[in-house]
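Structure first, then comments.
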Amino acid sequence: MKKQRRCIIAKQKNQRNEIVEKVVSLAKRRGFVFQSSEIYGGLNGCWDYGPLGVELLKNIKEEWWKFMTYREDVEGQDASILMHPRVWEASGHVENFTDPMVDCKQCKSRFRLDVLGEAINDAKKEKIIASFIEEVKGSEKESLVMSIIALDIPLNEKFEKILENSKVSFDLLAHISCPNCGTNNSFTEPRKFNLMFKTFVGPVESEDNIVYLRPETAQGIFVNFLNVQVASRQKLPFGIAQIGKAFRNEINTKNFLFRTREFEQMEMQYFVKPEDDVKFYKYWKEARIEWFKSLGMSPDKLRFHDHPKEKLAHYAKDATDIEYLFPFGWGEIEGIHNRTDFDLSRHEEYSGKSMKYFDEETREKITPYIIETSAGASRSFMAFLIDAYEEEEVNDETRVVLRFHPRLAPIKAAIFPLVNRDGMPETARKIEADLRPFMRVFYDSKGAIGRRYRRQDEAGTPYCITVDTQTLSDNTVTVRERDSMEQYRIEIDKLLMHLLEKFR
RNA sequence: GCGGGAAUAGCUCAGUGGUAGAGCCUCACGUUGCCAACGUGAUUGUCGCGGGUUCAAGUCCCGUUUCCCGCUCCA
């Protein structure tokens with residue numbers, strides 16, 4: 001009975017997330033994505049890209065790079081992952097990229113402060129606050145707490161405000177018992193948990209030589225703003241683009257590649273005159289969502305999520321996410337922000353070096369505004385992979401096919417001899433050799449032809465070239481299309497140009 | 001971080017204390033002439049990891065890791 005119920009629950013959950021599980025399974029089987037350090041039990045939230053995965057990822061990055069930098073007004077760069085620690089003070093990451101945490105001294109459990117509040121029901125909260133007020137009666141802490149209680153907000157928000165106020169937080173904590181072991185008065189003082197990975201430069205592990213693994217590539221662009229501008233003789237407006245890994249010590253990882261501690265970003269920071277910020281914010285917003293659509297991502301699974309003004313980050317004047325409808329819900333795959341002059345001003349302040357741009361026309365120095373487009377390469381990878389996944393019934397069999405845009409497909413063409421004799425393999429091998437310098441191809445002569453087609457469907461290969469009996473007499477081959485499964489004949493001499501045309 | 005579930009062959013999963021299995025995949029040979037065909041054979045496992053109970057543990061107990069779901073988080 002119990003087991004039966006378990007099975008039903010498992011099935012329901014399985015159904016809800018069926019697609020992700022199937023894709024994860026396919027990803028492993030066909031060599032797109034493996035779990036990191038799998039033979040040692042895996043490492044939480046880390047994934048490796050296999051032979052097909054690395055091709056897909058590379059193609060996504062290449063398409064992005066071409067789209068973003070093969071234009072007059074955008075330059076590329078590649079900044080190092082380790083940067084001067086002051087960069088992260090200027091950016092606000094040392095101060096703000098944190099969550100306050102407490103530990104239970106009894107059972108050693110760790111809680112984030114705001115989560116601790118969530119675990120307590122309203123009646124208990126009333127009680128805790130009451131006994132807390134009793135304790136601090138007459139002190140200035142009491143008036144502070146009373147002023148919070150007087151606010152016209154729900155009880156849980158009042159509680160949270162008290163809990164997160166550094167002056168009274170620890171006193172309130174003394175009245176809360178540990179949700180894990182139930183011990184009273186056992187919490188440490190709240191301390192901040194920084195989401196940046198720390199490491200040390202040089203052999204000595206001391207406070208003096210801490211450096212961080214960058215939590216975003218953006219800062220590497222900001223600090224090089226004038227270097228790039230001068231070297232490339234660019235004038236406003238212009239952008240700097242970079243693709244690279246970034247690291248965040250997330251408390252939780254989740255949903256396959258969606259939230260990981262190591263991920264790759266594709267960022268372009270566009271520097272504009274302050275009065276042009278709205279214009280270019282709109283321009284890049286449209287340009288970026290079009291990019292995803294142009295590579296075949298379902299338009300009905302893409303949307304903007306504009307951030308409400310009151311929820312904007314400290315640096316932003318405007319912000320939107322491009323979201324993709326994953327099987328687990330809408331998720332951000334790219335952020336477009338108007339970062340104003342915050343970043344350049346801060347770096348000017350912290351470095352003591354001018355970050356200003358000299359405008360020849362008006363003869364004045366200005367601090368440009370920055371329009372940021374920040375796409376997740378890993379998240380895009382997952383979105384493209386899931387979006388491409390399809391199952392269909394063909395002759396009472398399930399056909400699994402990855403409908404990648406041809407430019408993203410890991411393998412561009414597969415070449416088969418219809419049967420493995422009568423000169424067909426030789427001809428097929430020659431075609432393979434002719435195509436290989438121009439695209440990633442795959443040769444297969446094993447098993448039935450239908451099976452070989454289906455194998456390529458699963459890898460997302462858009463075209464299969466088959467050498468058959470007719471080839472030997474008239475030098476034509478069949479081209480079989482992945483999506484329609486239809487075939488047409490083409491002369492071998494025209495094959496290369498024909499395929500290249502498809503990938504343009 | 002809390003709560004719930006899961007972990008057995010490359011994949012999907014069966015196996016309620018007594019010899020570790022099936023289907024698919026992969027590989028070889030034969031057959032085959034355009035959509036996961038057929039035949040024969042072969043490879044593949046410290047049953048996630050570590051303890052404990054037991055004559056005996058994939059199975060029971062404890063711990064742990066990883067994945068999934070919900071909450072939470074996502075400056």
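Only heavy atoms go into these numbers, but all of them, side chains included; no hydrogens, no water, no symmetry mates. In the text below, chain A, chain B and the rest are named by the order of the sequence lines, each starting its count at 1.
- With rounding to whole Å, A:F34 atom CZ is found 17 Å from B:C67 atom P.
- Residue A:N44 places at least one side-chain N or O closer than 4.0 Å to OP1 or OP2 of B:C67.
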task: Please lay out, stage by stage, how A:R379 and A:E334 fare under the test salt bridge (Lys or Arg N to Asp or Glu O under 4.0 Å).
output: CA-CA 9 Å; A:R379 284 185 176 184; A:E334 173 156 353; over 6 Å; no

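- Using a 4.0 Å heavy-atom cutoff across all strands shown, A:F416 reaches no nucleic acid atom at all.
- Rounded to an integer number of Å, the gap from A:R30 CZ to B:U12 P is 15 Å.
- Note on A:G45: only backbone sugar-phosphate atoms sit closer than 4.0 angstrom, heavy atoms only; bases stay farther off.
- Here, B:C25 and B:C11 have their C1' atoms 7 Å apart, quoted to the whole Å.
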task: Summarise protein proximity over nucleotides 30-50 of chain B in one line of letters, 5' to 3': B for base, S for sugar-phosphate only, - for none, counting protein heavy atoms closer than 4.0 Å.
output: --BBBBBB-------------

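- A cation-pi contact, defined as under 6.0 Å to the ring centre and within 45° of the axis, links A:R429 to A:Y443.
- Residues satisfying the side chain to side chain contact (heavy atoms under 4.5 Å, CB included) criterion with A:V441, sequence neighbours excluded, are A:A413, A:I415, A:E432, A:L435, A:R436, A:M439.
- Note: CG (A:L52) to P (B:C11) measures 16 Å, nearest angstrom.
- In this structure, B:C73 forms no base pair with any nucleotide, since neither Watson-Crick nor G-U wobble geometry is met with both distances under 3.5 Å.
- Using a 4.0 Å cut-off, no side-chain N or O of A:K22 falls inside it from OP1 or OP2 of B:U12.
- Contact annotation for A:E216: base contact, defined as any heavy-atom pair under 4.0 Å involving a base atom.
- Rounded to whole Å, atom P of B:U66 lies 19 Å from atom CD of A:E21.
- Taking atom P on both B:U32 and B:C38, the two are 16 Å apart, rounded to the nearest angstrom.
- Residue A:K446 is the one, among A:K446 and A:R379, whose nearest nucleotide of RNA chain B lies closer to the 5' end (criterion: closest heavy atom).
- Rounded to the nearest Å, the gap between the P atom of B:C60 and that of B:G5 is 14 Å.
- Nucleotides B:A42 and B:U46 have their C1' atoms positioned 23 Å apart, rounded to a whole Å.
- Put simply, CG on A:L257 is 14 Å from C1' on B:C68, counting in whole angstrom units.
- The residues A:K22 and A:E391 are annotated as salt-bridged, a charged nitrogen and a carboxylate oxygen being separated by less than 4.0 angstrom.
- Contact record, A:M355 with A:L344: CG-O, 3.6 Å, taken as the closest heavy-atom pair.
- Under 4.0 angstrom from either OP1 or OP2 of B:C11 there lies at least one side-chain N or O belonging to A:K28.
- Remark on RNA chain B: of its neighbouring residues A:R259 and A:Y40, the 5'-side contact belongs to A:Y40, judged by nearest-heavy-atom nucleotide.
- As the counterpart of B:U66, B:A6 is assigned, both hydrogen-bonding distances of the Watson-Crick or G-U wobble pattern falling under 3.5 Å.
- For the residue pair A:E481 / A:S484, a side-chain donor-acceptor distance below 3.5 Å is found, with atom types taken as modelled.
- With respect to A:R399 and A:E458, no salt bridge is recorded, no charged nitrogen being found less than 4.0 Å from a carboxylate O.
- B:U8 sits 15 Å from B:G50 when the P atoms are compared, rounded to a whole Å.
- Under the Watson-Crick or G-U wobble criterion, with both distances below 3.5 Å, B:G33 is left unpaired in every strand shown.
- Spacing between atom CZ of A:F258 and atom C1' of B:C73 amounts to 12 Å, rounded to whole angstrom units.
- Here, B:C67 and B:G15 have their P atoms 26 Å apart, quoted to the whole Å.
- Each of A:D468, A:T478, A:D474 was evaluated against A:R489; a single residue qualifies, A:D468, per the side chain to side chain donor-acceptor pair (under 3.5 Å) test.
- The CZ-C1' distance, from A:F32 to B:C11, rounds to 15 Å in whole Å.
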Donor-acceptor list for residues 213-222 of chain A side chains, cut-off 3.5 Å, not counting sequence neighbours:
{"from": "A:R214", "atom 1": "NE", "to": "A:K245", "atom 2": "O", "distance (Å)": "2.7"}
{"from": "A:R214", "atom 1": "NH1", "to": "A:A79", "atom 2": "O", "distance (Å)": "3.0"}
{"from": "A:R214", "atom 1": "NH1", "to": "A:S80", "atom 2": "O", "distance (Å)": "3.3"}
{"from": "A:R214", "atom 1": "NH2", "to": "A:K245", "atom 2": "O", "distance (Å)": "3.0"}
{"from": "A:E216", "atom 1": "OE2", "to": "A:Q219", "atom 2": "NE2", "distance (Å)": "2.8"}
{"from": "A:T217", "atom 1": "OG1", "to": "A:Q265", "atom 2": "OE1", "distance (Å)": "3.3"}
{"from": "A:T217", "atom 1": "OG1", "to": "A:E267", "atom 2": "OE1", "distance (Å)": "2.6"}
{"from": "A:Q219", "atom 1": "OE1", "to": "A:H347", "atom 2": "NE2", "distance (Å)": "2.7"}

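- Distance noted for atom C1' between B:C27 and B:G70: 44 Å (whole Å).
- Comparing the same atom, C1', in B:A6 and in B:U12 gives a spacing of 14 Å after rounding to whole Å.
- A straight line from CZ of A:F326 to P of B:C69 spans 12 Å, rounded to a whole angstrom.
- The pairing partner recorded for B:C25 is none, the criterion being a Watson-Crick or G-U wobble arrangement whose two distances lie under 3.5 angstrom.
- Nucleotide B:A56 forms a pair with no other nucleotide shown, judged by Watson-Crick or G-U wobble geometry with both contacts under 3.5 Å.
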